[in-house]
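Heads up: the structure comes next, in structure tokens.
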Amino acid sequence: MDLSVNILVIGRHPQILETVLRLINTQQAWKATGALTDNEAVEKFERDNFDLVLIGGGVEEESEKSFKNEFEKINPQIKVIRHYGGGSGLLFNEIQEALTRISVDQWKGAVKI
Amino acid sequence: MNRKEFIKAALSTSVMLTTTEAKQVEAKGNYYPIVGFEHLPPKTKKTMNTVLHKANTRGHANHGWLDTNHTFSFAHYYDPTRVQFGALRVLNDDFVDGGMGFGTHPHDNMEIISIPLSGDLEHKDSMGNVAVIKQNDVQIMSAGTGIYHSEYNKNKDKKVNFLQIWVFPKVRNIEPRYDQINFRPEDRVNKLQQIVSPSKTDDGVWINQDAWFHLGNLKKGFATDYTVKQKGNGVYAFVIEGDVTIHDQKLNKRDGFGVWDVDKLSISADSDAEVLLMEVPMN
């Protein structure tokens, strides 16, 4: 069983996307997959089970809205967040914070049950 | 262990918390409440429109060639109570050894302002800019859709100390841009010298955000006011040198102090001092 936190990173800049993926994948518990185009992103999201989606540089607002709508239909719990900065400075903070919220949501859900 | 339990377990071991309050919250297994602008209000003041970050409470990392202090969460320093002050996201006080520096790395969607305090910093980027910035210079890089750059200490024999400041952009995905300006130090003696603004035609480098930065070299006993330029903005003060009192709060070297919901701030120098004021949107 794969226990990694699966993260889909969407960005238009191939080199920055590659860097972000490499940085995330240095973390043992995290597994990142990248997508440069809208079609590729949707295709990958439909195929795999992701915990978090990071919207990187260059992704148009329309595409971002569309991702949120489409992805939430497939997984209502999915967190779609914006990545700022392009590199390691904020990346780990952003993911950590989003995962904290996911964890809290799940914890709240468990309490309700 | 199921997937949800794994995520919770991973979080509880990997989140780096530095405040007692945060540790207590974590121990109870509760959610970190977001108070104000991602921080807790200071306990020593009755008002809820200020936040104090003493110099010795900053995140610290010594990588050998780089000795850095983070006022806000950065890289592997993560404190959920100190993520940002409005649009001000990063305030790093970096000391880089001679000849060393940050190799080529990417940035996107961030307004990055560098202010050398001592020494010289060499910058090269994917837009073809090659420049050295030194004391009294201010550099702006609007990362926008994405750029690569490197920064090295130009000198082999002495450290460079510079402030690296990141502000969230007003508009995402703009065309990347670089600029630097040299300022006359005499123009900030007992004055607030504007070094950053949102307008191309105003003083200082311009950035893609409704933000204004000022530097002041204030002599002991000097007092002045700072008037907030845009309603709703907050002001974050960082003391580069000396002791000052801002909005009735005594501050010392490298302390940070944020104030919001005010139109004006009082500033007085308790010793010869140098202060950086950063006005930023709070929402």
Side-chain angles (χ1 to χ4, degrees), chain A residues 1-6 11-20 22-23 26-30 49 51-52 54-64 77 79 82-111 113, chain B residues 1-17 26 29-34 38 70 72-80 82-84 87 89-90 92 102 104-112 126 143-149 164 166-169 171-174 176:
Chain A
M1 186 184 173
D2 183 9
L3 293 174
S4 304
V5 174
N6 286 330
R12 302 290 192 234
H13 194 301
Q15 288 155 306
I16 294 182
L17 181 63
E18 195 183 315
T19 304
V20 171
R22 179 174 53 76
L23 288 167
T26 59
Q27 304 298 300
Q28 211 174 5
W30 298 349
N49 184 17
D51 301 290
L52 180 66
L54 247 68
I55 305 284
V59 176
E60 307 75 13
E61 213 169 317
E62 280 307 305
S63 294
E64 193 179 330
Q77 306 301 317
K79 289 276 183 285
R82 284 174 170 179
H83 168 55
Y84 287 88
S88 58
L90 303 185
L91 187 62
F92 299 118
N93 277 206
E94 288 167 342
I95 294 173
Q96 204 71 69
E97 200 159 278
L99 292 179
T100 305
R101 286 176 186 162
I102 290 171
S103 175
V104 169
D105 289 350
Q106 290 178 344
W107 176 75
K108 283 178 180 170
V111 169
I113 291 163
Chain B
M1 184 185 282
N2 66 29
R3 187 180 189 81
K4 289 175 185 176
E5 287 168 337
F6 176 77
I7 292 172
K8 287 179 77 171
L11 280 166
S12 65
T13 53
S14 61
V15 174
M16 184 174 153
L17 297 168
E26 185 196 37
N30 278 331
Y31 176 50
Y32 310 111
I34 295 171
E38 309 277 27
H70 309 302
F72 301 104
S73 297
F74 190 83
H76 288 283
Y77 163 62
Y78 179 57
D79 179 343
R82 283 173 71 155
V83 173
Q84 68 200 86
R89 178 60 186 84
V90 172
N92 291 345
F102 303 89
T104 305
H105 59 280
H107 287 293
D108 70 37
N109 287 316
M110 194 60 76
E111 300 297 299
I112 300 171
S126 52
T145 52
I147 59 164
Y148 271 78
H149 83 138
Q164 193 183 156
W166 293 16
V167 175
F168 283 118
V171 179
R172 274 172 74 90
N173 300 327
I174 62 164

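What you see is a predicted model, and the numbers here were worked out from it, not measured in a lab. By convention in this document, chain letters (A, B, ...) are assigned in the order of the sequence lines, proteins followed by strands, and residues within each chain are numbered from 1.
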TODO: Heavy-atom distances under 4.5 Å only: say whether A:L17 touches chain B with side chain, backbone, both or neither.
DONE: neither
TODO: For A:I16 and B:D108, work out which heavy atoms get closest and say how close.
DONE: CG2-OD2, 3.8 Å
- [ ] Give, for atom CG of B:N173 and atom NE2 of A:H13, the distance between the pair rounded to the nearest 0.5 Å.
- [x] 11.5 Å
Open item on the list: Can you confirm whether A:E60 is buried at CD, in the sense that more than 12 heavy atoms of other residues, nucleotides or ligands lie under 6.0 Å from that atom?
Closed with: yes
Task: Portion of A:V59 that has a non-hydrogen atom of chain B nearer than 4.5 angstrom - done: backbone
Task: From CG (B:N109) to CD1 (A:I55), nearest 0.5 Å - done: 11.5 Å
Task: Closest non-hydrogen atom pair between A:F92 and B:A75, with its separation - done: CB-O, 4.1 Å
- [ ] Answer with side chain, backbone, both or neither: which region of A:Q27 has an atom nearer than 4.5 Å to a non-hydrogen atom of chain B?
- [x] side chain
Open item on the list: With rounding to the nearest 0.5 angstrom, report the CG to CZ distance, A:L90 to B:F168.
Closed with: 6.5 Å
Task: Portion of B:H105 that has a non-hydrogen atom of chain A nearer than 4.5 angstrom - done: neither
Task: Option that, when pairs with chain A are counted at under 4.5 Å, heavy atom only, ranks first among B:R172, B:H70, B:H107, B:R89 - done: B:R172
Open item on the list: Return the CD to OG distance between A:Q96 and B:S73, rounded to the nearest 0.5 Å.
Closed with: 10.5 Å
TODO: Output yes when a side-chain donor or acceptor of A:N93 lies under 3.5 Å from a complementary backbone atom of B:H76, and no otherwise.
DONE: no
Task: Contact class of B:I112 relative to chain A, heavy atoms under 4.5 angstrom - done: neither
Open item on the list: Taking side chain as everything from C-beta outward and backbone as N, CA, C, O, which of these in B:Y148 sits under 4.5 Å from a heavy atom of chain A? Side chain, backbone, both or neither.
Closed with: side chain
